[in-house]
*Asks:* 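Below: one structure in structure tokens.
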Amino acid sequence: MDALQELLKRKWILRKEDPDLYNMVRDSVKEIRKFVQEKFGYMIIVTPYLIKLEKIPGYVEEWMGIQEFQSVQEYQMFCFVLLFLESKEREEQFVLSSLTEYIQMQFQDGVIDWTHFNTRRQLVRVLKYCLSIHIIELDDGSEEGFIKNKDTEALYENTGYSRYVIRNFAHDIMDIHSLEDIKKSEWLMLAYK
């Protein structure tokens with residue numbers, strides 16, 4: 001059950017970061033997969049690069065979320081970073097300006113303004129979080145300079161892990177328009193299992 005404990009306490013196990021733990025958990029997945037599915041309703045994702053236990057809470061609580069983020073706009077930026085990375089191959093490099101241009105285009109009515117210090121600081125918090133969970137790697141430069149100057153560049157690399165940040169849905173999420181729709185769809189999915 002050491003493997004299950006490791007899966008429960010971590011976001012995921014990355015082969016590149018801890019190959020011994022990755023191999024130990026991978027070897028135990030067959031034993032624990034049925035248990036976590038039956039007892040918790042969780043799925044285990046195993047790829048050549050990572051192992052993830054999709055932990056889905058029964059209820060949303062105020063304390064849940066990304067502790068580093070301080071605003072809704074940071075969550076929006078994070079989602080746009082994930083979308084941006086979807087179009088990139090694993091190990092593909094990109095510069096900060098291409099990401100900021102992409103985010104600028106995604107915000108409705110051009111609401112985002114990189115000339116504002118607070119907006120740049122929000123993106124830096126998002127980038128630091130992305131680096132901490134290893135969905136991007138910094139190859140050259142620093143995101144810190146972006147806080148002081150919107151024209152600062154940095155070179156990043158897509159690790160490919162971003163595809164596993166948001167859970168996979170068994171149905172089309174374009175039909176979801178509210179929190180109630182999500183709750184209903186989850187309930188229906190569980191009822192039919």
Side-chain angles (χ1 to χ4, degrees), residues 1-69 74-75 77-93 125-139 156-176 178-193:
M1 284 300 182
D2 288 340
L4 179 57
Q5 288 176 345
E6 292 297 328
L7 286 169
L8 286 169
K9 72 181 180 182
R10 297 170 182 260
K11 180 172 191 56
W12 47 35
I13 297 169
L14 303 176
R15 183 179 189 178
K16 183 178 180 180
E17 298 297 314
D18 195 340
D20 293 335
L21 179 60
Y22 173 90
N23 290 329
M24 186 271 289
V25 172
R26 187 193 61 206
D27 293 343
S28 303
V29 164
K30 286 182 182 175
E31 299 168 15
I32 60 177
R33 180 173 268 142
K34 186 176 179 184
F35 176 78
V36 297
Q37 177 67 39
E38 288 176 0
K39 300 296 181 190
F40 304 116
Y42 293 170
M43 298 292 295
I44 298 177
I45 298 169
V46 180
T47 76
Y49 308 107
L50 66 82
I51 301 173
K52 178 184 178 188
L53 178 62
E54 279 201 328
K55 301 175 277 275
I56 304 160
Y59 300 98
V60 178
E61 300 285 342
E62 248 182 71
W63 57 267
M64 294 176 179
I66 300 170
Q67 302 304 311
E68 293 85 350
F69 293 176
E74 288 166 319
Y75 282 97
M77 287 181 189
F78 180 60
C79 289
F80 293 142
V81 169
L82 294 175
L83 285 171
F84 177 81
L85 293 174
E86 277 291 313
S87 68
K88 304 287 179 208
E89 294 295 321
R90 180 180 182 77
E91 299 180 352
E92 183 177 342
Q93 294 180 321
R125 271 195 291 272
V126 171
L127 290 171
K128 284 182 176 184
Y129 178 72
C130 292
L131 288 163
S132 75
I133 64 170
H134 304 284
I135 63 173
I136 59 173
E137 290 179 354
L138 181 63
D139 287 344
Y156 294 95
E157 183 178 308
N158 179 20
T159 62
Y161 305 140
S162 62
R163 291 184 167 97
Y164 303 98
V165 171
I166 298 186
R167 70 176 282 231
N168 293 320
F169 289 90
H171 55 279
D172 187 0
I173 62 170
M174 297 308 288
D175 297 332
I176 297 174
S178 70
L179 183 58
E180 289 304 314
D181 291 343
I182 292 172
K183 289 178 182 176
K184 287 178 191 173
S185 67
E186 292 302 312
W187 178 255
L188 288 174
M189 278 179 38
L190 292 173
Y192 290 115
K193 284 188 177 179

*Asks:* Is there a donor-acceptor pair under 3.5 Å between the side chain of K52 and the backbone N or O of Y164?
*Replies:*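 Yes, K52 side chain to Y164 backbone: donor-acceptor pair under 3.5 Å.
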*Asks:* Is K16 atom NZ crowded by more than 12 heavy atoms from other residues, nucleotides or ligands, each under 6.0 Å away?
*Replies:*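 Counting neighbours around NZ of K16, 12 or fewer heavy atoms of other residues, nucleotides or ligands fall under 6.0 Å, so no.
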*Asks:* Using a 3.5 Å distance criterion without hydrogens, assess whether the side chain of R90 forms a donor-acceptor pair with backbone atoms of T159.
*Replies:*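 Pair found, side chain donor or acceptor close to backbone of T159.
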*Asks:* Do side-chain atoms of N158 reach the backbone of E89 as a donor and acceptor pair under 3.5 angstrom?
*Replies:*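 Yes; at least one donor-acceptor contact below 3.5 Å.
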*Asks:* Tell me, do I13 and E6 make a side-chain contact under 4.5 Å, heavy atoms counted?
*Replies:*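 In contact.
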*Asks:* What residues, two or more places apart in sequence or in another chain, satisfy salt bridge (charged side-chain N to carboxylate O under 4.0 Å, His left out) together with K128?
*Replies:*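 Counting only residues at least two positions away or on another chain, K128 forms a salt bridge (charged side-chain N to carboxylate O under 4.0 Å, His left out) with E144.
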*Asks:* So how far is it from E157 CD to E92 CD, rounded to the nearest 0.5 Å?
*Replies:*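 One finds 10.0 Å between CD of E157 and CD of E92.
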*Asks:* Check the pair L53, V36 against side-chain contact (heavy atoms from CB on, under 4.5 Å), reporting the backbone distance first and the verdict last.
*Replies:* CA-CA 9 Å; L53 178 62; V36 297; 4.0 Å; yes
*Asks:* Just so I know, are the side chains of Y129 and E68 near enough to count as touching, which here means a heavy-atom distance under 4.5 Å?
*Replies:*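 Y129 reaches E68 side chain to side chain.
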*Asks:* Atom CG in L50, atom CD in E17: separation rounded to 0.5 Å?
*Replies:*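 The CD atom of E17 is 11.5 Å from CG of L50, to the nearest 0.5 Å.
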*Asks:* Does a side-chain heavy-atom distance below 4.5 Å link M43 with Q37?
*Replies:*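 Yes, side chains in contact.
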*Asks:* Can you give me every donor-acceptor pair (side chain of residues 27-35, partner residue at least two apart or in another chain, under 3.5 Å) with its distance?
*Replies:*
residue	atom	partner	partner atom	Å
S28	OG	M24	O	3.1
R33	NH2	I44	O	3.1

*Asks:* Would you indicate whether the side-chain heavy atoms of D18 and L14 approach each other to under 4.5 Å?
*Replies:*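 L14 vs D18: side chains apart.
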*Asks:* Do the side chain of R26 and the main chain of V46 share a donor and acceptor less than 3.5 angstrom apart?
*Replies:*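 It does not hold such a pair.
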*Asks:* What I want to find out is whether E74 reaches R125 closely enough, with some N-O distance under 4.0 Å, to be called a salt bridge.
*Replies:*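 Yes, charged N to carboxylate O under 4.0 Å.
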*Asks:* Just wondering, do D139 and Y156 contact through their side chains at under 4.5 Å, heavy atoms?
*Replies:*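 Side-chain contact under 4.5 Å: no.
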*Asks:* Just verifying a value: how many Å separate L131 CG and L138 CG, rounded to the nearest 0.5 Å?
*Replies:*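 Those atoms lie 6.0 Å apart.
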*Asks:* Can you check whether K9's main-chain N or O pairs, donor with acceptor, with K55's side chain at less than 3.5 Å?
*Replies:*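 Not a single qualifying donor-acceptor pair exists.
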*Asks:* Any side-chain heavy-atom pair from I135 and L82 closer than 4.5 angstrom?
*Replies:*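 Counting from C-beta outward, I135 and L82 do come under 4.5 Å.
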*Asks:* Looking at SG of C130 and CG of L85, how far apart are the two atoms once the value is rounded to the nearest 0.5 Å?
*Replies:*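 Atom-to-atom, C130:SG and L85:CG are 7.0 Å apart.
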*Asks:* How long is the span from the CD1 atom in I51 to the CH2 atom in W12, to the nearest 0.5 Å?
*Replies:*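 Rounded to the nearest 0.5 Å, the CD1-CH2 separation comes out at 13.0 Å.
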*Asks:* Using side-chain contact (heavy atoms from CB on, under 4.5 Å) as the criterion, point out the one residue from L7, L4, D2, D20 that pairs with V25.
*Replies:*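 Filter result, single survivor: L7.
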*Asks:* Going from CD on E54 to CZ on F40, what distance comes out if it is rounded to the nearest 0.5 angstrom?
*Replies:*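 Going from the CD atom of E54 to the CZ atom of F40 covers 15.0 Å.
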*Asks:* I'd like to know whether the aromatic ring centres of Y49 and Y161 sit less than 6.0 Å apart in this structure.
*Replies:*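 For Y49 and Y161, the ring centres are not under 6.0 Å apart.
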*Asks:* Side chains of F78 and V165: closer than 4.5 Å at any heavy-atom pair?
*Replies:*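 Yes - at least one pair of side-chain heavy atoms lies under 4.5 Å apart.
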